[in-house]
Amino acid sequence: MLLPKKGNASTPIEVQRKQLPIYQAKAQLLNQLRQLQNAIIIGETGSGKTTQIPQYLYEAGIGRLGLVAITQPRRVAAISLAGRVAEEKRTQIGKLVGYTVRFEDVTSSETKLKFMTDGMLLREAIGDPLLLKYTVVVLDEAHERTVHTDVLFGVVKTAQRRRRELNKVPLKVIVMSATMDVDLFSEYFNKSPVLYLEGRQHPIQIYYTKQQQSDYLQAALVSIFQIHQEAPPAHDILVFMTGQEEIEALARTCRDISKHVPDGCGSMVVLPLYASLPPAQQLRVFQPAPKGCRKVILSTNIAETSVTISGIKYVIDTGMVKAKRFNPDSGLEVLAVQRVSKAQAWQRAGRAGREESGFCYRLYTEQEFDNFLPMTVPEIQRCNLAGVMLQLMALGIPDVMNFDFMSKPSPDAVRSAVDHLELLGAVERREGPVFLTPLGKKMASFPLEPRYAKTILLSPEYSCSEEILSIVSLLSVDTVLYNPPARRDDVLAARKKFTSSEGDHMTLLNIYRAFKKVSGNKEWCRENFVNSRNMGLVKDVQAQLRDICLKLNLKLESCGSDTSSVRRCLAHGMFLNAAELQLDGSYVALDTHQPVTIHPSSVLFQAKPAYVIFNELLHTSRCYMRDLCLVDADWLLEAAPEYFGRKLHLSKT
DNA sequence: GAGCACTGC
């Protein structure tokens, strides 16, 4: 994600630090933090807690026996906060103040304040469950409740207790959050005291609709132009919507209408904002509109936390969001448009009051708002837990089925995750308790979904580790294929030369091989509709996975043109994602027996192979399999004889 | 013959 250039304030850093609201509370805060082993700090935006508290601790000599870790849900945040704090301490980044995120470790033996992603600290915990390097762990943005932060809650709590029992240096845990979830946090951390910090949020006037709106897009359109006609042109508008398609459609409508509004109303520039928008277009939201012209930004929830835009005076909140839900019975993740939570609605409104007072138009009634959920359901209760459970076991947690989660996932979801790991051979059940197998331990060392890790670990048996490493890397980033709808025929023509009749995995591998042959040439990427940024990421992931393989003494070799070895290996590792052609020409997923269909984006769309494995199921208008690979029934049987013994028709005619 | 919010290891 790109960041806007910061206006360089001429105020000296020391003065800026003292002007922060938190400075007034410094002495009292340190007094408390010195004594407490756990603290919950509630700070409004702009309080300065994230940059100042680590420095205060360091300056006061608290936790000097080890490092202070400050976790963030996002990479950019970890990196830019470390930069800011290093600047304030007038040191080079990587010395006293450093950061660690995936693919990048800017720390040294001098580092005492370490900003890192929550996922990174969790990875470190696998090698060192007591987190002995650290004397203080600060879990920042805890209200976002990422899966990683939620698992870390349990990890630090356990580490704290174990260190006490073993008479090791104590671990101080500081949880920092926005205003929500206070009681939950405090209760979980042994009724820990809650410290409140005042912020710099400006007042925001909230408006609700008088009647329920049946069409929030129409309501948004009306609101935009109502504000446009009444407010001074320097006041920008931010509209929260659900996705790319609806944003682009409303952008077109706004541009059309703005040509026909009465004179004297000024013009408007309409800017879409969503994650898959090319970086250059994302940057446009930070540029000030020309004088006399209003900026209207139509955004997904990316503008709730990840992107902060200055100059927003008006927020229009549709009250809707697209979010993932998980069904443990079918193993299906579904992306659906749904209501936001109250917490989310307040977060959206807050985007209007960053520099001065603002307005928020909620496109729902106050009664509707009263019925919103107070908090967004934590991600840990909405996702596939197979990876989480594997990680917990690798951490040496004795009873993973009853792990002390702050918000427990459903027993069904836990059970289905453990079943999944058992089928992969990562865990064993011996009269009740669940144990990690040697294979499972190796699987946990990869930053991948368990089935991908398993496939890599199987690949030396098929002498195709190089190919499998490439394929898994390709599958674990966002798509490397660029598909501009306007150039559909060109895309098809360019892709044809890489297409494999054996499926999408082999097609992707062909593209990757060609990409490497031209050393990632940008022009080649453009001509072949390949996303060069994501391809670069594939290379980074592959390098990381290769390192892990070498540490595990796996034999890395290439099978050259023997593609059936690769497909055998995929069949063996991904057998839980297999589908079988039926007599009537349809497919069923063998795991759940639900009817599935080949996604039209697949190179196998026109083909009718008897057996395929697929990368994922996507539930939209139908249940689609995406990224398919042609396999033999025999290979599936070899992979899991008992499992398939009763499932396969083996309709060899 | 479809169309996908946002992160992260």
Side-chain angles (χ1 to χ4, degrees), chain A residues 1 71-78 100-105 116-127 141 144-152 240-249 273-277 299-307 318 320-325 333-338 340 344 347-348 376 378-380 382-383 387-388 390-391 394 443-450 452-453 472-473 476-479 481 483-485 488 492 537 540-541 544-545 547-548 597-606 616-627:
Chain A
M1 174 53 63
T71 69
Q72 295 292 321
R74 280 169 294 280
R75 292 166 54 96
V76 269
T100 306
V101 297
R102 192 181 189 185
F103 308 129
E104 234 188 314
D105 180 15
M116 60 206 301
T117 45
D118 48 11
M120 210 64 212
L121 185 60
L122 202 53
R123 274 274 131 206
E124 283 190 9
I126 292 180
E141 308 283 9
E144 289 194 29
R145 305 294 305 272
T146 68
V147 174
H148 291 151
T149 298
D150 265 30
V151 177
L152 275 177
F240 283 102
M241 304 174 56
T242 70
Q244 171 175 353
E245 212 177 60
E246 120 191 332
I247 285 172
E248 293 292 357
L273 179 64
Y274 44 87
S276 63
L277 199 68
S299 174
T300 61
N301 40 348
I302 192 172
E304 267 171 33
T305 48
S306 303
V307 175
T318 59
M320 307 305 281
V321 66
K322 211 178 272 185
K324 200 181 264 178
R325 287 185 195 164
E333 294 180 325
V334 184
L335 206 54
V337 172
Q338 49 199 304
V340 296
Q344 217 171 349
Q347 175 71 22
R348 288 178 171 192
T376 308
E379 202 187 349
I380 194 105
R382 293 185 284 126
C383 75
V388 170
L390 183 64
Q391 218 157 17
M443 283 167 62
S445 53
F446 290 93
L448 293 170
E449 283 177 45
Y452 291 150
V472 166
S473 307
S476 59
V477 306
D478 285 337
T479 180
L481 308 178
N483 295 313
R488 214 172 137 262
L492 284 174
L537 206 57
D540 290 341
V541 174
Q544 188 189 29
L545 300 181
D547 276 352
I548 297 169
T597 314
I598 300 180
H599 195 275
S601 68
S602 170
V603 297
L604 293 180
F605 180 63
Q606 311 274 8
E616 63 172 352
L617 286 180
L618 178 73
H619 196 93
T620 50
S621 56
R622 305 166 79 173
C623 196
Y624 288 106
M625 300 180 276
R626 278 211 307 199
D627 294 320

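Naming: A, B, ... by sequence-line order, numbering from 1 per chain. Hydrogens, waters and symmetry mates play no part in the numbers below; they use all other heavy atoms, side chains included. A quick note: this is a predicted structure, and the numbers were derived from the prediction, not measured.
- Using a cut-off of 4.0 Å between Lys/Arg side-chain N and Asp/Glu carboxylate O, A:E245 and A:K322 are scored as not salt-bridged.
- Across B:dG8, B:dA2, B:dC9, the shortest atom-to-atom separation from the side chain of A:R74 is found for B:dG8.
- When only modelled atom types and interatomic distance are considered, A:S601 and A:H599 share a side-chain donor-acceptor pair under 3.5 Å.
- At whole-Å resolution of the value, CZ in A:R145 and P in B:dT7 are 20 Å apart.
- To the nearest angstrom, P of B:dG3 lies 10 Å from NZ of A:K322.
- Along DNA chain B, the nucleotide closest to A:Q606 and the one closest to A:P447 are compared, and the more 5′ of them pairs with A:Q606.
- Taking only side-chain atoms of A:I302, from C-beta outward, the nucleotide of B:dT7, B:dG1, B:dG3 with the closest atom is B:dT7.
- Rounded to a whole Å, the CD atom of A:E104 is 15 Å from the C1' atom of B:dG8.
- Donor-acceptor pairing under 3.5 Å, judged by distance alone, is present between the side chain of A:R626 and the base of B:dC4.
- Listed pair A:T300 / B:dC6 meets the phosphate criterion, a side-chain N or O lying under 4.0 Å from OP1 or OP2.
- Of the candidate nucleotides B:dA2, B:dC9, B:dC6, B:dC9 has the atom lying nearest to any side-chain atom of A:R75.
- Across B:dC4, B:dG8, B:dA5, the shortest atom-to-atom separation from the side chain of A:H148 is found for B:dG8.
- In this structure, the nucleotide among B:dA5, B:dG8, B:dA2 sitting nearest to the side chain of A:N301 is B:dA5.
- Taking atom CG of A:L277 as the reference point, atom P of B:dC4 lies 17 Å away to the nearest angstrom.
- Between the C1' atom of B:dC6 and the CZ atom of A:R348 lies a distance of 12 Å, rounded to the nearest Å.
- Between the P atom of B:dC4 and the OH atom of A:Y274 lies a distance of 13 Å, rounded to the nearest Å.
- By the neighbour-count criterion of 12 heavy atoms within 6.0 Å, atom CZ of A:R102 is densely surrounded, having more than that number from other residues, nucleotides or ligands.
- Using a 4.5 Å heavy-atom cutoff, the side chains of A:M320 and A:Q338 are not in contact.
- Comparing B:dA5, B:dC6, B:dG8 against the side chain of A:L335 picks out B:dA5 as the nearest.
- Rounded to a whole Å, the CZ atom of A:F103 is 11 Å from the P atom of B:dG8.
- Among the nucleotides B:dA5, B:dG1, B:dC9, the one closest to the side chain of A:M120 is B:dC9.
- Within 4.0 Å of A:F446, counting heavy atoms only, lies no atom of the nucleic acid at all.
- Among the protein residues, A:R488 comes within range of the nucleic acid bases, having at least one heavy atom under 4.0 Å from a base atom.
- Salt-bridge annotation for A:R145 and A:E379: absent, with no side-chain N of the basic residue lying under 4.0 Å from a carboxylate O of the acidic one.
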A:N301/A:V321 under side-chain contact (heavy atoms from CB on, under 4.5 Å): CA gap, chis, key distance, verdict: CA-CA 7 Å; A:N301 40 348; A:V321 66; 3.4 Å; yes
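- Using a 4.0 Å heavy-atom cutoff across all strands shown, A:Q244 reaches sugar-phosphate atoms only and no base atom.
- Between A:R123 atom CZ and B:dC9 atom C1' there is a gap of 5 Å when expressed in whole angstrom units.
- Taking every side-chain heavy atom of A:Y624 into account, B:dG1 is the closest of B:dC4, B:dT7, B:dG1.
- Contact between the side-chain N/O atoms of A:S276 and the OP1/OP2 oxygens of B:dC4 is not found at any separation under 4.0 Å.
- Candidate nucleotides B:dC4, B:dG8, B:dC9 were compared by shortest atom distance to the side chain of A:L618, and B:dC4 ranks first.
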